[in-house]
Structure formats: C-alpha cells, structure tokens
2 protein chains.
Amino acid sequence: MTRTYPKIQPYSQDCNDCPIRHRAVCARCESDELELLEQFKYYRSFEAGQTVVWAGDKMDFVASVVTGIATLSQTMEDGRRQMVGLLLPSDFVGRPGRETSAYDVTAATDLVMCCFRKKPFEEMMLRTPHIAQRLLEMTLDELDAAREWMLLLGRKTAREKIASLVCIIARRDASLQLNTSDGELRFDLPLTREAMSEYLGLTLETVSRQMSALRKEGLIVTEGKRQIVIPDFDRLLEETGDDSDGGFLV
Amino acid sequence: MTRTYPKIQPYSQDCNDCPIRHRAVCARCESDELELLEQFKYYRSFEAGQTVVWAGDKMDFVASVVTGIATLSQTMEDGRRQMVGLLLPSDFVGRPGRETSAYDVTAATDLVMCCFRKKPFEEMMLRTPHIAQRLLEMTLDELDAAREWMLLLGRKTAREKIASLVCIIARRDASLQLNTSDGELRFDLPLTREAMSEYLGLTLETVSRQMSALRKEGLIVTEGKRQIVIPDFDRLLEETGDDSDGGFLV
DNA sequence: ATCAGCTATTGATCTACATCAAGGCGCGGG
DNA sequence: CCCGCGCCTTGATGTAGATCAATAGCTGAT
C-alpha cells in the first residue's frame with residue numbers, strides 16, 4: 001500500500017514572512033492541513049545582546065530567525081564560552097521533544113524570530129510526515145555544519161579560522177543577496193570580535209590581530225566597522241585550509 | 001483527519017542482530033511493512049585499521065554498527081585529521097538523500113556493520129513516517145553530542161579533554177554492560193593514542209602525557225594496554241570541566 | 001633467540017596563542 | 001565640549017601544547 005501525504009515545498013525562497021521559512025518547513029505555501037499552524041505563530045523581537053533563553057530554562061516553542069542573527073552557546077562553570085550554533089535568517093531553532101533549552105540562545109544583533117508553541121508543532125509533526133522529513137533534512141545539514149566546525153576548532157590555525165569564518169558568512173550572505181558580480185564580495189559581518197572569538201575558540205585579541213593581518217595583506221578590506229569587502233574570494237579561500245572544491249555545507 | 005502509522009519501538013535493548021539496532025530504527029520488532037527491509041540487509045566485516053569508505057566516495061548504503069568501533073574523520077590537504085564521529089555498537093551511519101560520504105569512515109577496531117542499500121531504505125522512509133521521526137530523534141541526539149564535542153575542542157585544556165573522553169566512553173559502555181556496582185568502573189578503551197588525539201584535537205604525545213598524569217594521580221588505573229579502571233567516577237568527572245549535573249547527551 | 005614493525009612513553013626545545021596591559025576610536029548624554 | 005562606555009587595536013610577556021627525538025615494550029615472523 002502506498003499513501004500520499006501533503007507535500008512540503010522545500011526552500012521556497014520568496015516566502016519572507018512565513019513562520020518557519022524557506023530553509024525550514026514553509027507553512028504559508030502549504031496544504032490546508034498546515035494552515036492551523038498559523039494560529040499558534042507569533043513574533044518576538046530582541047535587541048542586540050539580549051538573551052532569548054538561558055541553557056536549562058524552559059523553552060516551550062520552536063522558532064526560526066526572520067531578521068538578525070542569533071547564537072547558541074555553551075558556558076563552562078568558570079565562564080569559558082563556546083558558540084555552537086550561528087543562526088542566520090531562515091534558520092530554525094528548537095528541538096521537538098525537549099522541554100528545556102540545552103544552550104544559551106542570544107541575539108547577536110537586533111533580532112526578530114517567528115515562534116510556534118511547541119505542543120501544536122509536535123502534534124502537527126505526527127499528523128504531517130513531510131514535516132519530520134523536512135526537519136530531518138535540515139538537522140542533517142546542521143550536523144554536517146557542526147562537523148565542519150569541529151575540524152575548524154580542532155585543527156585549524158588562528159589565521160585559517162578567521163579566513164574560514166569570513167568565507168562562511170560571505171557564502172551564506174551571497175546565497176541570499178545579489179552578489180556584486182565581478183569576483184568582489186561585499187557584505188557585513190555583524191559579529192563583535194568577542195562573538196567571533198566565541199565562534200572560533202580563540203581570544204578576542206587573537207581575532208583582532210589576525211583580522212589586521214588579513215587586512216594588511218589585502219585579503220579583506222574593511223569599510224567602517226562591520227562592512228567587509230573580499231576583493232578575491234578564491235584567494236581568501238586558500239587561507240582557510242579547506243579543500244578547494246570541498247563543500248561548505250551550511 | 002487523523003491517521004495512524006505503524007509504531008517503531010524505540011531503543012529496544014535486546015534486539016541484538018537487528019539490522020538497524022536499538023538506538024536506530026529496529027526493523028525486527030516491527031510491523032509487516034518493515035519486513036521488506038530484511039531482504040536488503042547484509043553484514044560487512046572490517047579489520048581494525050581498514051577503511052570502510054573514503055570521503056567523497058560513493059556510499060550506496062546506510063548502516064549500523066553491530067560490534068566494534070567505527071570513526072568518521074575529516075582530513076585536510078596537508079594531512080591534519082579531525083575525528084568528527086565515534087560510532088559505537090548500535091550507532092547509525094549514512095545520510096539518506098546523499099550519494100557520497102562526506103567523511104572517511106574507518107574501523108577503529110575489528111568491526112561488523114549491518115548495511116542496507118540506500119534506495120530501498122529511502123523508499124521505506126517515505127512510506128513509513130515513523131522511521132523519519134525516529135531518525136530525526138537520533139540525528140538531534142548526534143547534533144547535541146557534536147555540540148558538546150565542539151565545546152571540548154574549542155575551550156577545554158588537554159587534561160580536561162582526556163578526562164572527558166574517558167568519561168564519555170565509560171558512560172556509553174556502562175549503559176550497555178553491567179557496571180561493577182561499587183563506584184568502580186571497568187571497561188576497555190579500544191582507541192589507540194593516535195585515535196584519541198584525533199578525537200580530541202591534540203597530538204598523540206600530549207595524549208600520552210596526560211594519560212600518564214591522570215594515572216599517576218590515581219584518577220584512572222590501566223590494566224594491560226587498553227583496559228581501564230576508574231576507581232572514583234565522580235572525582236574524574238570533576239576534571240572534565242563540565243557542569244556536575246549537566247547532561248552528557250550521547 | 002633475534003629482529004622488524006607497531007604502539008606507547010618520556011625528555012628537550014620551540015612556538016602559536018593566551019594573558020596582561022595600555023591606549024584609541026566612535027558615539028550618546030550631560 | 002567633554003566625559004564615559006563599548007568596542008577595537010596593539011604591544012610585552014608567559015605558557016600550554018606542538019614538534020623533534022630517543023627509547024622501551026609487545027607481537028608475530030624467521
């Protein structure tokens with residue numbers, strides 16, 4: 001016996017105010033069955049620096065980033081912090097089947113999230129198999145990204161780490177924005193030196209020094225505080241230590 | 001409209017020769033619909049050190065570890081290696097929806113895996129929603145483990161890394177074996193110093209030194225080459241830098 | 001018994017990054 | 001205008017862990 005289920009349209013690019021957006025399950029572009037999600041959907045805004053949830057706190061919703069950047073971090077007792085997730089617009093956060101957040105969720109910039117209460121979300125997951133399949137796909141992508149990140153943390157030099165981070169953000173950005181055609185990439189890197197250091201497992205001083213080094217060598221150009229131009233993406237890529245072809249998976 | 005689907009029995013402990021075992025989808029203990037998986041199931045054995053698949057190679061199966069230990073690693077062009085997955089018995093490997101392996105899969109010890117051809121597996125996933133749900137759950141667990149691992153790689157000292165690894169293996173082992181009641185844990189750590197160093201983002205010399213240090217301080221006792229006794233688990237835990245309560249999620 | 005080939009240990013030295021410390025720049029408020 | 005506060009940069013110094021190197025145990029082959 002073969003059944004058919006309502007199809008989730010994956011990666012629908014232009015559904016900008018959907019509750020769980022194009023990299024996630026898009027409820028807007030869906031069958032009737034999914035309409036009911038709408039009634040549980042709500043938006044929340046945060047200012048840069050604010051905490052969305054603390055590790056261990058109750059988190060009764062799942063969400064996706066609409067605008068801005070959120071981070072997931074772990075903190076050790078003595079204060080050492082490691083970022084373990086970087087959420088850009090369209091990324092999903094929250095784990096069906098868990099009561100509390102395992103990580104600090106923080107707004108790295110001003111942030112708007114689109115939230116669902118977890119209960120109805122879980123119920124719908126049971127009724128609509130394609131959601132679980134879509135979510136599985138997303139989670140596998142995240143796992144691959146985490147593993148790439150592990151290579152960075154475990155084996156790359158400070159210089160390679162910085163180059164990698166800049167490339168990662170540039171790619172994510174480029175896949176959304178229109179890229180400036182002729183090899184040159186322009187985008188803003190909306191992370192403080194401290195946030196970068198938490199991402200990379202470095203101190204902020206080392207981040208600053210290595211950024212200066214890349215700047216002096218012309219691999220990156222900074223305009224103002226956060227705006228970055230990469231004159232030659234391929235040249236910067238060579239500094240990451242990654243295989244030239246190897247896929248970034250985010 | 002509410003439908004019901006065949007239920008997957010999760011974590012069924014005593015289904016030892018099931019193709020995808022208790023931490024995964026258990027096909028043995030299932031509805032008729034799942035029976036057809038059996039015909040695509042086959043076993044493969046590897047000797048310690050052998051490679052199961054190379055990163056980039058075609059991988060037309062998914063599998064679970066039956067006995068032994070497998071690892072997932074990434075290699076940089078200049079040979080630096082980082083382990084990104086450690087697969088103990090019952091762990092699942094392979095990604096539905098991808099043609100090639102993203103990682104080197106290697107037998108750390110003699111290894112038996114139970115494999116499925118990917119095509120029929122994927123087809124069944126579409127027909128049997130609970131499989132995707134179960135797989136999602138497993139993948140989320142793995143993601144949490146990966147994030148714990150990122151904290152280790154990014155922020156822990158060599159000593160903390162070693163203590164953490166020993167604790168992780170001990171826990172995984174204890175959850176399968178009968179633990180030796182009175183606080184004392186005995187198990188074997190079936191990884192070479194080199195494998196440990198690839199897990200931890202260290203050199204094998206540093207691993208060796210730190211193991212010696214823990215031994216001299218009586219935090220661990222080694223019997224023979226690979227057998228390890230932890231006289232006082234809680235005392236070793238304190239050396240990991242982790243929150244005393246905080247959940248290891250593997 | 002001897003030797004080759006692993007794996008592990010231990011020592012000596014080097015270095016990339018952390019740590020400590022001192023400004024500098026930009027921005028908003030009084 | 002000045003001051004305080006975030007954020008960033010840069011310098012001086014310290015150190016954990018890498019690197020280089022020698023040796024030791026263990027296993028299996030001759």
Side-chain angles (χ1 to χ4, degrees), chain A residues 47-50 76 78-82 106-110 152-166 188-217 220 222-228 239 241, chain B residues 47-50 76 78-82 107-110 152-166 188-217 220-228 239 241:
Chain A
E47 285 174 26
Q50 270 191 298
M76 295 171 68
D78 61 3
R80 281 175 282 173
R81 273 172 78 82
Q82 176 64 50
T106 311
T109 63
D110 290 346
L152 177 147
L153 290 171
R155 293 302 181 191
K156 289 190 180 179
T157 65
R159 182 187 174 87
E160 289 168 340
K161 286 178 175 181
I162 299 283
S164 299
L165 176 55
V166 173
D188 63 51
L189 194 158
L191 297 175
T192 64
R193 298 288 181 256
E194 189 181 24
M196 291 175 71
S197 75
E198 283 178 15
Y199 185 110
L200 299 170
L202 298 169
T203 60
L204 67 91
E205 292 95 327
T206 299
V207 171
S208 183
R209 272 185 254 272
Q210 295 295 338
M211 287 291 285
S212 299
L214 293 181
R215 198 184 322 116
K216 274 169 198 146
E217 296 171 38
I220 59 175
T222 54
E223 298 187 345
K225 213 72 189 188
R226 297 282 170 79
Q227 192 82 358
I228 286 200
E239 302 297 328
Chain B
E47 286 174 24
Q50 270 191 300
M76 295 171 68
D78 61 3
R80 280 175 281 174
R81 273 171 77 83
Q82 176 63 51
T109 63
D110 290 346
L152 177 147
L153 290 171
R155 295 300 182 192
K156 289 191 179 177
T157 65
R159 182 187 173 87
E160 288 168 341
K161 285 178 176 182
I162 299 283
S164 300
L165 176 55
V166 173
D188 63 51
L189 193 158
L191 298 175
T192 64
R193 297 289 180 254
E194 189 181 21
M196 291 174 71
S197 75
E198 283 177 15
Y199 185 111
L200 300 170
L202 298 170
T203 59
L204 68 91
E205 293 95 328
T206 300
V207 171
S208 183
R209 271 184 254 272
Q210 295 295 339
M211 287 291 284
S212 299
L214 293 182
R215 197 182 324 114
K216 273 168 199 149
E217 296 171 39
I220 59 176
V221 181
T222 53
E223 297 187 345
K225 212 72 189 188
R226 298 280 170 80
Q227 192 81 356
I228 289 201
E239 302 295 329

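Proteins come first, then strands; the chains are lettered A, B, ... in the order of their sequence lines, and each starts at number 1.
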Note to self: Working note: A:L202 + A:Q210, criterion side-chain contact (heavy atoms from CB on, under 4.5 Å); need CA distance, chi angles, decisive distance, verdict.
What the structure shows: CA-CA 11 Å; A:L202 298 169; A:Q210 295 295 338; 5.8 Å; no
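- Closest approach of A:Q50 to A:T106, counting heavy atoms only: O-CG2, 3.4 Å.
- At least one donor-acceptor pair closer than 3.5 Å links the side chain of A:S164 to the backbone N or O of A:E160.
- When all heavy atoms of A:L200 and A:K161 are compared, the closest pair comes out as O-NZ, 3.0 Å.
- Atom-to-atom, CD of A:E198 to P of C:dA18 comes out at 13 Å; the value is rounded to the nearest Å.
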Filtered N/O pairs between nucleotides 27-29 of chain D and protein, under 3.5 Å:
none

Next item on the list: Check step by step if side-chain contact (heavy atoms from CB on, under 4.5 Å) holds for A:M211 and A:I228.
Entry: CA-CA 11 Å; A:M211 287 291 285; A:I228 286 200; 4.0 Å; yes
Note to self: Walk along nucleotides 5-18 of chain D from 5' to 3' and tag each nucleotide B, S or - by protein heavy-atom contact under 4.0 Å, base first, then sugar-phosphate.
What the structure shows: ---SBBBB----SS
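- Within the 3.5 Å criterion, the main-chain N or O of B:Y199 finds a donor-acceptor partner in the side chain of B:Q82.
- A:S197 places a side-chain N or O within 3.5 Å of a backbone atom of A:E194 that can act as its donor or acceptor partner.
- No side-chain donor-acceptor contact under 3.5 Å links B:R155 to the backbone of A:R80.
- With rounding to whole Å, B:I162 atom CD1 is found 11 Å from C:dT9 atom P.
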